[in-house]
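Everything on this sheet refers to the single structure shown next.
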Amino acid sequence: MWPVAWVAMRTYAPYITFPVAFVVGAVGYHLEWFIRGTPVPKPGEDKSIVELREERKLEEQAGKDSTQVLSLKDRLEFSPRAALQRNRP
């Protein structure tokens, strides 16, 4: 009798284990949310990071004259010498 029971448990273990694990996980998930409660939003999280970055960039650009930019030749002087000025005489 015991060998038949062991074979049956070994054969049907996946069919029994998955639903049990699913129920235990669901109960744990809901229990955790019940203990924690609803999350309180922080005061600074009304806007996303992208929106905050765009606003900061616009504020930085508001005080500058957008017609005064460096020429491309001036920008090349700030680049690393090893990468971009290798073939220059």
Side-chain angles (χ1 to χ4, degrees):
M1 178 67 185
W2 283 108
V4 174
W6 285 115
V7 169
M9 287 193 322
R10 188 177 358 163
T11 304
Y12 296 111
Y15 302 112
I16 295 170
T17 306
F18 179 71
V20 170
F22 185 79
V23 169
V24 168
V27 168
Y29 175 80
H30 290 291
L31 183 65
E32 181 179 347
W33 276 106
F34 178 73
I35 291 171
R36 275 191 188 179
T38 57
V40 178
K42 296 180 182 174
E45 292 185 4
D46 294 337
K47 297 179 182 178
S48 68
I49 294 175
V50 174
E51 291 173 343
L52 292 173
R53 181 177 185 270
E54 287 176 354
E55 286 182 4
R56 181 181 51 84
K57 289 293 212 177
L58 286 173
E59 289 174 3
E60 288 177 1
Q61 290 293 328
K64 293 182 181 178
D65 184 14
S66 58
T67 60
Q68 302 294 326
V69 295
L70 292 174
S71 70
L72 290 177
K73 290 181 183 178
D74 293 338
R75 286 188 181 189
L76 282 178
E77 298 302 322
F78 295 111
S79 63
R81 295 183 60 82
L84 298 176
Q85 295 179 354
R86 183 174 292 168
N87 294 330
R88 289 189 174 181

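Residue numbers count from 1 along this sequence. Source: prediction; values computed, not measured.
The side chain to side chain donor-acceptor pair (under 3.5 Å) test applied to Glu54 returns no partner, not counting sequence neighbours. By the side chain to side chain donor-acceptor pair (under 3.5 Å) test, Gln61 pairs with no residue at all, sequence neighbours left out.
Hydrophobic cluster membership of Met9, counting Ile, Leu, Val, Met, Phe, Trp and Tyr whose side-chain heavy atoms lie under 4.5 Å apart directly or via other members: Trp2, Trp6. Counting side-chain heavy-atom gaps under 4.5 Å among Ile, Leu, Val, Met, Phe, Trp and Tyr, the cluster of Leu31 also holds Ile35. Within the hydrophobic cluster formed by Ile, Leu, Val, Met, Phe, Trp and Tyr side chains joined at under 4.5 Å, directly or through other members, Val27 is accompanied by Val23. Applying the under-4.5 Å side-chain rule to Ile, Leu, Val, Met, Phe, Trp and Tyr, the cluster around Trp33 extends to Tyr29.
Heavy atoms from other residues, nucleotides or ligands lying under 6.0 Å from CZ of Arg36 number 12 at most.
A salt bridge does not link Lys64 with Glu60: every distance from a Lys NZ or Arg NE/NH1/NH2 to an Asp or Glu carboxylate oxygen is 4.0 Å or more.
A pairwise comparison of heavy atoms in Pro14 and Pro19 identifies O-CD, 4.4 Å as the closest pair.
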